[in-house]
Amino acid sequence: MKAWEELVSTALLGTQRRTTDPAALPPAVGAKVETREDPAEALLATAALLTNYRRAGQVPLSGTLPMPVAAPDGRPLIRPAARERLARLLSANRPELLDEWLGAVAAAGLRVPPERLPALADAARARISLRAPLVAVAGSAGGWLGEHNPEWTFLASPIPDGDADVWRYGNLVQRREWLRKALAEDPDAARVALTGAWRGEPAEVRAGFLGLLGEHLRTTDEPFLEAALDDRAVSVRQQAIGLLGTLPGAALGHRMAERLRPLVRVRKRALRPDVLQITLPDAVDTARDGVRVPAGPEQGTGWLRQIVAATPLAFWAEFGLPPGVLRMPVEGCAAGVLRESWAAAAVRQRDEPWARALLAADPGGRGAAALVGALEPRARAAAVLDLATHVNAETMAKLILELPAPWPRELGSALLGWVAAQGDQRVVAHAAVVIARSVPPSCLRAVDPLPEDAAPWRRALTETLTFRREMHEELV
């Protein structure tokens with residue numbers, strides 16, 4: 001209001017230099033102060049009257065309608081103990097535990113109190129991993145908030161099932177949810193929608209959609225993935241190569257094997273291991289198969305890495321079993337180049353014999369954590385415990401930091417036993433933080449009290465494990 005601004009200016013300048021002009025005030029206020037002779041008295045009276053006028057001197061609005069309310073949500077609310085836990089999670093800024101808590105609430109078929117949704121939405125703005133579990137527990141109240149606050153659009157409720165426009169007009173969260181459900185419930189329709197919209201999607205969205213497709217991969221997806229090998233985005237090409245590597249008999253693997261065949265020879269030696277002779281490629285058709293390496297002195301090595309990583313590991317069977325091939329001396333390139341490429345292939349193809357052989361040949365080497373993840377869940381614990389007998393605590397701690405999640409129960413139990421037996425080292429303290437957060441809920445048991453002189457990291461480990469155990473018990 002301009003009259004108020006004029007009044008403030010008059011007060012700052014002083015009534016000896018400037019006086020209040022009743023004509024500039026609203027008529028109802030001006031009529032009350034125009035008879036005042038003392039400028040200071042007029043200023044104070046105007047301030048009092050104008051303040052009340054601004055607060056109550058407006059004509060009430062008419063013809064307004066109340067905002068629509070959120071649809072009812074029949075799921076039960078979390079219990080009081082869990083509500084207190086949520087308040088502690090929000091105040092302590094523990095997003096990794098909040099992520100787990102939200103997932104547990106969703107799995108239990110519960111919902112959070114609506115008054116907590118704004119704080120949760122603000123937390124999810126800063127941490128994308130919180131968004132999907134928050135949408136699941138927020139329900140219709142979260143959708144209502146997402147529709148009325150542009151900063152929380154990720155909460156917008158999915159368009160009802162059967163609405164054909166969700167894929168075309170929904171936001172990214174809605175479209176991803178639609179595609180995820182469609183891939184499981186109507187895979188043919190999902191693939192038609194994906195291929196139809198593919199070219200118009202940004203690179204990061206295309207890569208995300210490929211990740212969803214990878215969870216429901218079929219052999220008939222090979223032509224689509226083949227086309228993605230020519231994508232302009234590196235992330236999409238690498239996703240396509242990785243997914244094709246999981247398809248037995250894929251044409252990409254055959255083409256890579258044909259590229260690799262003339263580059264590999266075995267030189268026989270009497271009374272000594274045969275030598276694996278490698279010739280670096282000097283030309284590769286970079287327009288196909290995602291094999292694209294910047295020009296430079298290491299270009300041949302870069303091509304070799306990609307070719308070996310994308311070649312089916314069955315190619316090497318003619319040279320012997322995995323342990324024997326790994327023991328062969330290498331000429332023509334660094335042995336580490338081949339080992340890293342074999343490791344990438346073993347992870348893509350989920351080849352357990354090669355993964356075991358690579359772990360045995362280089363315990364704790366680069367890529368060991370990913371190789372452990374390529375094993376069957378029950379075999380991971382045994383592999384990690386075996387590695388612990390061959391490497392020092394520092395190497396083991398680094399391996400733990402890189403282990404892919406989620407951890408199976410056997411692996412979680414094995415690592416809890418390992419960390420309990422370690423001394424007070426800084427590297428072990430870092431690993432303990434990861435262990436405390438990553439062991440599955442089935443490993444969470446009551447922990448014996450620690451002695452008073454226990455190291456801080458042991459206390460932190462115990463507190464986190466106890467916090468998580470109580471967190472899950474409150475949702476049962």
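Nothing fancy with the numbering, it's 1 onward along the sequence. Computed from a predicted structure; not experimentally measured. Values reported hereafter were calculated over all heavy atoms of this structure, with side chains retained and with hydrogens, waters and symmetry mates removed.
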Spell out, as yes or no, whether a donor-acceptor pair under 3.5 Å connects the side chain of Arg409 to the backbone of Pro440. no
Can you check whether Glu5's main-chain N or O pairs, donor with acceptor, with Ser9's side chain at less than 3.5 Å? yes
Taking Arg79 first and then Glu474, would you say they form a salt bridge - that is, a charged N and a carboxylate O separated by under 4.0 Å? no
Is atom CZ of Arg366 surrounded by more than 12 heavy atoms (other residues, nucleotides or ligands) closer than 6.0 Å? no
For the student: nearest non-hydrogen atoms of Pro404 and Ala369, plus distance: CD-O, 3.3 Å
Non-hydrogen side-chain atoms of Met396 and Asn392 separated by less than 4.5 Å: no
Euclidean distance, Leu179 CG relative to His216 NE2, rounded to 0.5 Å: 8.0 Å
So, taking the atom named CD in Gln306 and the one named CD1 in Ile241, what distance separates them when rounded to the nearest 0.5 Å? 6.0 Å
Checking Thr466 side chain against Glu463 main chain: does a donor-acceptor pair fall under 3.5 Å? no
Is there a side-chain contact between Ser341 and Leu304 (heavy atoms, below 4.5 Å)? no
Looking only at non-hydrogen atoms, find the nearest pair between Trp354 and Pro322 and report the distance. NE1-CG, 3.6 Å
Do other residues, nucleotides or ligands put more than 12 heavy atoms under 6.0 Å from the CZ atom of Arg459? yes
Side chain Glu402, main chain Gly367, donor-acceptor under 3.5 Å: no
With distance as the sole test, does Thr10 use its side chain to make a donor-acceptor pair with the main-chain N or O of Glu6 at under 3.5 Å? yes
Steps toward side-chain contact (heavy atoms from CB on, under 4.5 Å) verdict (Val33, Leu43): CA-CA 9 Å; Val33 299; Leu43 175 67; over 6 Å; no
Let me see the working for Arg437 and Asp99 under salt bridge (charged side-chain N to carboxylate O under 4.0 Å, His left out), right down to the final yes or no. CA-CA 11 Å; Arg437 296 174 180 174; Asp99 194 341; over 6 Å; no
Leu465 vs Leu416, test: side-chain contact (heavy atoms from CB on, under 4.5 Å). Steps then yes/no. CA-CA 10 Å; Leu465 292 173; Leu416 283 173; 3.9 Å; yes
Donor-acceptor pair, Gln239 side chain versus Gly208 backbone, under 3.5 Å? no
Shortest non-hydrogen contact between Ala383 and Leu359, atoms and distance: CB-CD1, 4.5 Å
Less than 4.5 Å apart, any side-chain heavy atom of Leu97 and any of Glu100? yes
Is the side chain of Arg348 donor-acceptor paired with the backbone N or O of Gly242 at a distance under 3.5 Å, no angle test? no
Hey, does the Lys NZ or Arg CZ of Arg175 hover above the aromatic six-ring of Phe209, less than 6.0 Å from the centre and inside 45° of the axis? no
State, yes or no, whether a side-chain contact exists between Trp101 and Val112 at a heavy-atom distance under 4.5 Å. yes
Under the criterion side chain to side chain donor-acceptor pair (under 3.5 Å), which of Arg237, Arg206, Arg199 is the partner of Asp231? Arg206
Give a yes or no answer on whether the side chain of Arg111 reaches the backbone of Val137 with a donor-acceptor pair at less than 3.5 Å. no
How far apart are the C-alpha atoms of Leu415 and Val419, what are their side-chain angles, what is the distance that settles it, and do they pass the side-chain contact (heavy atoms from CB on, under 4.5 Å) test? CA-CA 6 Å; Leu415 290 176; Val419 75; over 6 Å; no
Do the side chains of Lys181 and Asp186 get close enough for a salt bridge, i.e. N-O under 4.0 angstrom? no
Could you grab the distance from atom CG of Asp221 to atom CD of Glu226, nearest 0.5 Å is fine? 12.0 Å
With side chains defined as the heavy atoms from C-beta onward, is the minimum distance between Val384 and Trp407 less than 4.5 Å? no
Quick one: pull up CG in Leu212 and CD in Glu177 and give me the separation to the nearest 0.5 Å. 9.5 Å
Compare all side-chain heavy atoms of Leu77 with those of Arg83 and state whether any distance is below 4.5 angstrom. yes
Are Arg305 and Glu340 within salt-bridge range, i.e. N to O under 4.0 Å? yes
Given 3.5 Å as the limit, does a donor-acceptor pair link the side chain of Ser413 with the main chain of Glu410, or not? no
To check you understand the geometry: which heavy-atom pair defines the closest contact between Leu358 and Ala346, and what is its length? CD1-CB, 4.2 Å
Please check this pair: side chain of Thr464 against backbone of Leu461, looking for a donor-acceptor N/O pair closer than 3.5 Å. no
Does the side chain of Arg125 reach to within under 4.5 Å of the side chain of Phe154, using non-hydrogen atoms? yes
Over all heavy atoms of both residues, which pair between Ala379 and Leu375 is shortest? Give the atoms and the distance, please. O-CD1, 4.1 Å
Give, for atom CZ of Arg191 and atom CG of Leu213, the distance between the pair rounded to the nearest 0.5 Å. 5.5 Å
Step-by-step side-chain contact (heavy atoms from CB on, under 4.5 Å) determination, Leu225 to Leu229: CA-CA 7 Å; Leu225 296 175; Leu229 293 176; over 6 Å; no
Locate the shortest heavy-atom distance separating Leu387 from Gly364; write the atom from each residue and the value. CD2-N, 3.9 Å
Could you walk me through whether Glu394 and Lys398 satisfy the salt bridge (charged side-chain N to carboxylate O under 4.0 Å, His left out) test, starting with their C-alpha distance in whole Å, then the side-chain angles of each, then the deciding distance to 0.1 Å, before giving a yes or no? CA-CA 6 Å; Glu394 181 177 0; Lys398 291 180 180 178; 3.6 Å; yes
Nearest 0.5 Å please: distance from the NE2 atom of His430 over to the CD atom of Gln425. 11.5 Å
Which class fits the ring pair Phe224 and Trp198: parallel under 30°, tilted 30 to 60°, perpendicular over 60°? perpendicular
Look at atom CG of Leu12 and say whether more than 12 heavy atoms of other residues, nucleotides or ligands are closer to it than 6.0 Å. yes
Do the side chains of Pro114 and Trp144 get nearer than 4.5 Å, heavy atoms only? no
Are Asp188 and Arg218 ion-paired here, with the side-chain N under 4.0 Å from a carboxylate O? yes
